[in-house]
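What you see is a predicted model; the values in this text were computed from it and never measured.
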Amino acid sequence: MEDSEAREKRADGYFRRKVGIPLLNLFRQGITPEKIAQCLVLGAVISVFPVLGTTTVLCAVAAVRLKLNLPAIQAVNWLFGGVQLAMIWPFLRLGEWVFRAEPLPLSPAELAARLKEHPWEFLQSFQAAVLYAVTGWLLAAVPAAWLAYRVAKAVLAVRGKRRAVEA
């Protein structure tokens with residue numbers, strides 16, 4: 001009979017060969033400082049897009065279109081998932097400020113009351129809120145992403161040169 005330690009080693013080796021190594025190879029695809037910077041920044045900026053339920057698809061489209069590492073961009077997207085919820089309110093308020101719109105009440109009780117009393121007006125205000133939030137995102141996140149991309153690309157290029165010299 002085999003002892004449990006030998007079985008564990010065999011199972012660990014099998015897992016590493018069948019899952020670990022292919023996953024590692026997938027993460028290593030297209031790894032250049034520029035592509036890594038694009039994955040990090042696009043994953044982050046898309047992940048805070050203020051329309052819930054859209055970021056996974058948007059990251060996948062960006063990864064395919066720009067030939068980026070799909071698992072890496074999705075990993076960044078998922079890491080920033082909580083930030084998306086926190087940023088909806090500031091993006092919404094920025095968009096309302098740009099359009100000089102009356103602020104939408106955000107308390108659940110007020111929203112429920114508006115929905116119950118005037119459902120059509122509520123839906124119209126919700127559509128406007130999405131427009132305001134997306135506008136706020138475009139005005140804040142896109143320029144921040146451009147700057148973050150420049151910084152990340154420079155930092156990763158320097159780091160890559162150091163590794164090449166060390167090797």
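Here Val57 sits in one hydrophobic cluster together with Val61; the rule is ILVMFWY side chains under 4.5 Å apart, joined directly or through other members.
Here the CD1-NZ distance, from Ile73 to Lys35, works out to 10.5 Å after rounding to the nearest 0.5 Å. Taking CG of Leu52 as the reference point, atom CD of Gln84 lies at 5.0 Å (rounded to 0.5 Å).
Scored by the side chain to side chain contact (heavy atoms under 4.5 Å, CB included) test, Val83 finds Val48, Phe80, Met87 as partners (sequence neighbours excluded). Under the side-chain hydrogen bond (donor to acceptor under 3.5 Å, both in side chains) criterion, Glu121 pairs with no residue, sequence neighbours left out. Judged as a ring pair (Phe, Tyr, Trp, His ring centres under 6.0 Å), and not counting sequence neighbours, Phe126 has no contacts. Among residues two or more places apart in sequence or in another chain, the ring pair (Phe, Tyr, Trp, His ring centres under 6.0 Å) test is passed with Phe49 by Trp137. Shown here are the side-chain hydrogen bond (donor to acceptor under 3.5 Å, both in side chains) partners of Thr135, two or more places apart in sequence or in another chain: there are none. In this structure, the side chain to side chain contact (heavy atoms under 4.5 Å, CB included) partners of Trp89, at least two apart in sequence or on a different chain, are Arg93, Leu106. Partners of Gln74 under the side-chain hydrogen bond (donor to acceptor under 3.5 Å, both in side chains) rule, at least two apart in sequence or in another chain, are Asn77.
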Please list, one pair per line, the donor and acceptor atoms closer than 3.5 Å that link side chains of residues 37-46 to other protein atoms, with sequence neighbours excluded.
none

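For residues 108-119, the set of pairs meeting the salt bridge (charged side-chain N to carboxylate O under 4.0 Å, His left out) definition, not counting sequence neighbours, is empty. Within the structure, no pair that satisfies the salt bridge (charged side-chain N to carboxylate O under 4.0 Å, His left out) test touches residues 56-65, not counting sequence neighbours.
No continuous path of ILVMFWY side-chain contacts below 4.5 Å connects Leu79 to Leu85, so the two sit in separate hydrophobic clusters.
Of all heavy-atom pairs between Phe91 and Ala133, the closest is CB-O, 3.4 Å.
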For side chain to side chain contact (heavy atoms under 4.5 Å, CB included), just list the numbers for Leu131 and Phe99, CA-CA rounded to whole Å, side-chain angles, deciding distance to a tenth of an Å, and then say yes or no.
-> CA-CA 10 Å; Leu131 172 68; Phe99 285 101; 4.2 Å; yes
Given the rule in the side chain to side chain contact (heavy atoms under 4.5 Å, CB included) test, do Ile88 and Val51 qualify, once you have shown the distances and angles that lead to the verdict?
-> CA-CA 8 Å; Ile88 290 173; Val51 180; over 6 Å; no
CA sep, side-chain torsions, deciding dist, call: Tyr149, Glu34, side chain to side chain contact (heavy atoms under 4.5 Å, CB included) | CA-CA 9 Å; Tyr149 171 70; Glu34 183 177 351; 3.1 Å; yes
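Considering only heavy atoms from C-beta on, Val64 stays 4.5 Å or farther from Leu70 through its side chain.
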